[in-house]
Amino acid sequence: MEKLFLFNTLSRAKEEFIPLETGKAGMYCCGPTVYNFAHIGNLRAYFFEDILKRVLLYNGYDVKHVMNITDVGHLVSDDDEGEDKMEKGASREGKSVWEIAEFYTEAFRNDIAMLNILPPTVYCKATDFIKEQIDMVKCLDDKGFTYKTNDGVYFDTQKFPEYGKLALLDIEGLEEGKRIAFSDEKKHKTDFALWKFSPIDQKRQMEWESPWGTGFPGWHIECSAMSIKFLGSHFDIHCGGVDHIPIHHTNEIAQAEACTGEKFVNYWLHGEFLIEEKGKMSKSAGEFLRLKTLIDKGYSPLDYRYFLLMTHYRKKIKFSFENLDAARNGYHNLKNRIKEIKSAAPQEAKSLSGDALKYKAKFHESINDDLNIGEGLAILWDALKDSALSDADRVLLANEFDKILGLDLNKIEAEKPSEIPEEIIALANKRKEAKTARDFKLADELRQQIKDKGYELLDKKGGEFEIKPL
RNA sequence: GGCGUCGUACCCAAGUGGCUAAGGGAGCAGUCUGCAAAACUGCCAUGCAUCGGUUCGAAUCCGAUCGACGCCUCCA
């Protein structure tokens with residue numbers, strides 16, 4: 001098996017991937033909170049995880065990919081009035097929180113399917129595993145890692161000496177309550193809620209009984225509880241966006257390791273943000289770009305996938321329509337070139353020749369070097385332009401690389417003569433005559449007529465022409 | 001205030017100590033052509049934010065400066 005290197009946030013270094021169990025890889029990815037549509041920045045994270053998963057599969061691993069769906073609301077802040085994102089979404093749309101969750105989960109599945117993101121092996125909804133979450137809080141409670149306040153059960157981070165190791169947190173330097181009203185019942189600024197109580201005077205749409213009182217799970221417990229349920233108390237890979245490093249994943253490690261007494265995860269991988277001119281894309285700002293927005297503007301979802309393929313997952317990518325245009329053009333040219341090669345060599349290729357194998361090896365090396373897809377894409381371009389390779393080899397390589405790229409390159413079909421109506425052919429022949437007679441005015445008129453009827457007339461060498469449906 | 005990341009051509013971007021600094025887009029030129037479109041071919045960074053240092057050798061390591069961004073509620 002080829003060596004695969006991944007950048008591990010824990011060590012801030014590329015490390016060789018060694019699975020816990022030979023030939024298998026367990027992977028947990030933090031999924032969406034289904035209170036609204038995903039914006040294109042959110043989708044970048046799932047795209048990065050898709051590349052990771054495809055690279056693991058390419059290397060022959062049997063991948064178990066688990067993703068949570070956060071369908072339980074988390075409070076907007078510690079001191080808010082009990083309204084959360086889910087309930088806000090529900091009241092905004094006049095539906096129940098359960099309906100909201102169902103609707104946006106479906107929208108999310110559609111979005112990732114359009115981007116050719118392979119669906120996870122397991123989708124797990126937070127509300128389906130409340131018992132597991134309560135059990136985990138109990139476990140922490142029994143081991144003395146918790147304390148109770150008026151509004152919930154908290155994790156006492158001072159009892160977990162390694163707290164913050166993932167984020168290299170300088171806890172002293174954190175500004176308590178910098179952007180949030182701070183609960184003064186918390187013993188330490190980094191302590192976080194494991195279980196929150198429902199406000200006494202209010203009936204929440206989502207609340208459950210627990211040994212500590214009616215309420216709902218804290219902000220981080222679902223991921224630890226569900227990842228352990230599906231992948232075991234110690235598993236290979238956990239990923240998410242970079243924003244998860246200092247809080248969410250830091251807290252997950254604390255909870256999980258305090259409860260199980262084992263190392264939680266071997267490799268932590270984080271995807272960078274997509275940013276706009278004015279900075280990070282966010283939903284709270286109101287307007288945000290969805291995949292559908294791009295489609296409405298005439299882009300295909302795979303144009304956006306190509307855009308994401310152009311850079312490395314650990315680098316910020318700046319979104320602009322100018323850059324998306326560049327991606328669309330590049331993708332278009334790529335497909336065009338493959339179509340031409342396929343048209344020239346319609347026969348099925350059998351296996352790669354020596355030179356083509358070198359390209360394959362280079363590609364494999366690139367993607368195994370911490371998912372260097374930008375370099376992989378360049379290798380594809382080089383191969384397609386290498387005249388020393390046979391057409392059959394080039395087609396085979398494109399199909400091979402597409403296992404990672406996911407650009408539907410294998411679906412490109414050779415140009416086949418389409419059925420052109422007699423009427424159009426007659427018009428084209430008339431135009432040819434006009435051209436020969438150097439009556440260009442008439443020739444242009446005829447070409448326009450053909451265009452109006454939905455066909456494009458292209459001139460070829462020697463006065464020949466080609467008709468294509470528009 | 002603390003912590004973290006980044007700065008490679010007009011745009012996106014790979015390269016993180018040693019071969020002419022990948023690739024894509026845009027642009028320009030050419031082939032073809034009455035014109036157009038498409039396609040193909042060629043050109044496009046003696047330099048990698050700036051200034052110092054280490055080294056036989058630096059885009060790559062170190063330091064300083066400037067600039068951009070992220071995190072310290074929730075968030076991909």
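Side chains are part of it too, since the values below use all heavy atoms of this structure and drop only hydrogens, waters and symmetry mates. Residue numbering restarts at 1 for every chain, and letters A, B, ... go by the order of the sequence lines.
- For the pair A:Ile275 CD1 and B:U5 P, the interatomic distance rounds to 17 Å; values are reported in whole Å.
- Base-pair partner of B:A68: B:U5 (Watson-Crick or G-U wobble, both distances under 3.5 Å).
- Going from the P atom of B:A58 to that of B:U5 covers 25 Å, rounded to whole Å.
- When rounded to the nearest whole Å, the span between CD of A:Glu365 and P of B:G15 equals 12 Å.
- The interatomic distance linking A:Leu309 (CG) with B:A22 (C1') rounds to 16 Å, in whole Å.
- Of all nucleotides present, only B:G53 satisfies the Watson-Crick or G-U wobble test against B:C61, with each distance under 3.5 Å.
- Across B:G1 and B:U50, the matching P atoms stand 28 Å from one another, rounded to whole Å.
- The partner of B:C10, taking Watson-Crick or G-U wobble pairs whose two distances both stay under 3.5 Å, is B:G25.
- Heavy-atom distances to RNA chain B give each of A:Asp325 and A:Gly31 a nearest nucleotide, and the one nearer the 5′ end belongs to A:Asp325.
- Rounded to a whole Å, the CG atom of A:Leu377 is 12 Å from the P atom of B:A14.
- Rounded to whole Å, atom P of B:G24 lies 18 Å from atom CZ of A:Phe307.
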Could you walk me through whether A:Phe235 and A:Phe230 pass the ring-ring contact (aromatic ring centres under 6.0 Å, His included) check? CA-CA 10 Å; A:Phe235 59 93; A:Phe230 288 101; over 10 Å; no
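- Distance from the side chain of A:Asn329 is smallest for B:A26 among the nucleotides B:C11, B:A26, B:A13.
- Nucleotide B:U46: unpaired (no Watson-Crick or G-U wobble partner with both distances less than 3.5 Å).
- The gap from the P atom of B:A26 to that of B:A68 amounts to 31 Å, rounded to the nearest Å.
- Heavy atoms of A:Glu272 sit under 4.0 angstrom from at least one base atom.
- The line from CG of A:Asp382 to CG of A:Leu377 is 10.5 Å long, rounded to the nearest 0.5 Å.
- Nearest nucleotide to the A:Glu375 side chain, out of B:A14, B:C74, B:C12: B:A14.
- Side-chain atoms of A:Tyr147 and A:Asp191 include a donor-acceptor pair closer than 3.5 Å.
- The phosphate of B:A14 has OP1 or OP2 within less than 4.0 Å of a side-chain N or O from A:Thr311.
- When heavy atoms are screened at a 4.0 angstrom cut-off, A:Ile247 is found touching the sugar-phosphate backbone but no base atom.
- Counting any heavy atom pair closer than 4.0 Å across all strands shown, A:His244 reaches sugar-phosphate atoms only and no base atom.
- Taking the P atom of each, B:A13 and B:G70 are spaced 16 Å apart, rounded to whole Å.
- A:His220 contributes no side-chain N or O that, together with a main-chain N or O of A:Ile247, makes up a donor-acceptor pair within less than 3.5 Å.
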At under 4.0 Å between heavy atoms, which parts of nucleotides 34-39 of chain B does protein reach? Answer with one letter per nucleotide, 5' to 3': B base, S sugar-phosphate only, - none. BBBB-S
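- Within 4.0 Å (heavy atoms only), A:Gly240 reaches sugar-phosphate atoms of the nucleic acid but no base atom.
- Across all strands shown, A:Tyr46 has heavy atoms under 4.0 Å from sugar-phosphate atoms exclusively, and none from any base.
- Across the C1' atoms, B:U46 and B:G63 are found 26 Å apart, a figure rounded to whole Å.
- When all heavy atoms of A:Tyr304 and A:Ile40 are compared, the closest pair comes out as OH-O, 2.6 Å.
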Can you list the steps and then say if A:Phe264 with A:Tyr28 is a ring-ring contact (aromatic ring centres under 6.0 Å, His included)? CA-CA 12 Å; A:Phe264 181 39; A:Tyr28 184 89; 8.3 Å; no
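- Residues A:Leu43 and A:Ile112 have side chains in contact (heavy-atom distance under 4.5 Å, counting atoms from C-beta outward).
- Counting any heavy atom pair closer than 4.0 Å across all strands shown, A:Lys14 reaches no nucleic acid atom.
- Nearest to the side-chain atoms of A:Pro246 among the listed nucleotides B:C71, B:G25, B:G15 stands B:C71.
- Across B:G15, B:C74, B:G23, the shortest atom-to-atom separation from the side chain of A:Trp219 is found for B:C74.
- For A:Asp243, whose side chain is taken as the heavy atoms from C-beta onward, the closest listed nucleotide among B:C12, B:C75, B:G15 is B:C75.
- Among A:Tyr46, A:Phe103, A:Tyr35, the single residue meeting the ring-ring contact (aromatic ring centres under 6.0 Å, His included) criterion with A:Phe108 is A:Tyr46.
- Taking atom C1' on both nucleotides, B:G25 is separated from B:C56 by 40 Å, rounded to a whole Å.
- The distance from atom CD1 of A:Ile379 to atom C1' of B:G23 is 10 Å, rounded to the nearest whole Å.
- Rounded to a whole angstrom, the distance from the C1' atom of B:U16 to that of B:U8 is 12 Å.
- Spacing between B:C11 and B:A45 at atom P, rounded to whole Å, works out to 14 Å.
- Taking the side chain of A:Met310 as heavy atoms from C-beta on, and the options B:A76, B:G15, B:C12, the nearest nucleotide is B:C12.
- Summarising the geometry, the separation between CG on A:Leu405 and P on B:G23 is reported as 17 Å, rounded to the nearest angstrom.
- Residue A:Lys315 has no polar side-chain atom (N or O) positioned under 4.0 Å from OP1 or OP2 of B:U5.
- Which of B:G15, B:C74, B:A76 sits closest to the side chain of A:Asn372 comes down to B:G15.
- At whole-Å resolution of the value, CG in A:Leu269 and C1' in B:A76 are 14 Å apart.
- Phosphate proximity of B:C71 to A:Lys316: absent, as no side-chain N or O sits under 4.0 Å from OP1 or OP2.
- Side chains of A:Glu400 and A:Tyr58: a donor on one and an acceptor on the other come within 3.5 Å.
- The line from OG1 of A:Thr311 to CD of A:Glu272 is 10.0 Å long, rounded to the nearest 0.5 Å.
- Considering only side-chain atoms of A:Ala378, the nucleotide from B:A22, B:A14, B:G24 that sits closest is B:A22.
- Heavy atoms of A:His312 sit under 4.0 angstrom from primed sugar atoms or phosphate atoms, though from no base atom.
- Here CG of A:Asp386 is found 12.5 Å from CD1 of A:Ile379. Values are rounded to the nearest 0.5 Å.
- Figure legend. B:C40 is base-paired to B:G30; pairs are counted as Watson-Crick or G-U wobble with both atom distances under 3.5 Å.
- Of the nucleotides present, none pairs with B:U16 by Watson-Crick or G-U wobble criteria with both distances under 3.5 Å.
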